[in-house]
Amino acid sequence: MRLLIFLILLYLGWRALKKWMATHIEQGPKTFYEPERQIDDIMVKDPFCGVYFPKKTGVSLKINGETLYFCSRECQEHYLSGKEPSNK
Ligand SMILES: [Zn+2]
């Protein structure tokens, strides 16, 4: 009977130790998981010239809360000067 109690205590102690190790060691290697890298590789359409390009190579522009992506800064400027009304 004593042996059983000893084993239970040993088991609980081992579990506590494992939990302690998990909380103290599991702080750090979270940084090398980069979900944004995958998002950057999405192909987006330039709303000005209609060309598809990887999001990360484009120029982003925020208009009225939504983000638009252009293949180049020139397209962004053309879009702003041509399509976007200035009276806002
Ligand atoms: Zn373009």
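Small disclaimer: the values here were computed from a predicted structure and weren't measured. Counting starts at 1 for both ligands and their atoms, following the listed order.
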Nearest-0.5 Å distance that lies between atom CD in E66 and atom CG in L61: 10.0 Å
Inter-residue atom distance Y52.OH - M43.CE, 0.5 Å rounding: 9.0 Å
The Zn ion (ligand 1) - number of protein N/O/S atoms closer than 2.8 Å: 4
Joint hydrophobic cluster, L3 plus Y11, side-chain heavy atoms closer than 4.5 Å: no
Aromatic plane relationship, F48 with H78 - under 30° parallel, 30 to 60° tilted, over 60° perpendicular: parallel
Co-membership, hydrophobic cluster, residues L12 and F6, 4.5 Å side-chain: no
Y69 side chain reached by I42 side chain, heavy atoms, under 4.5 Å: no
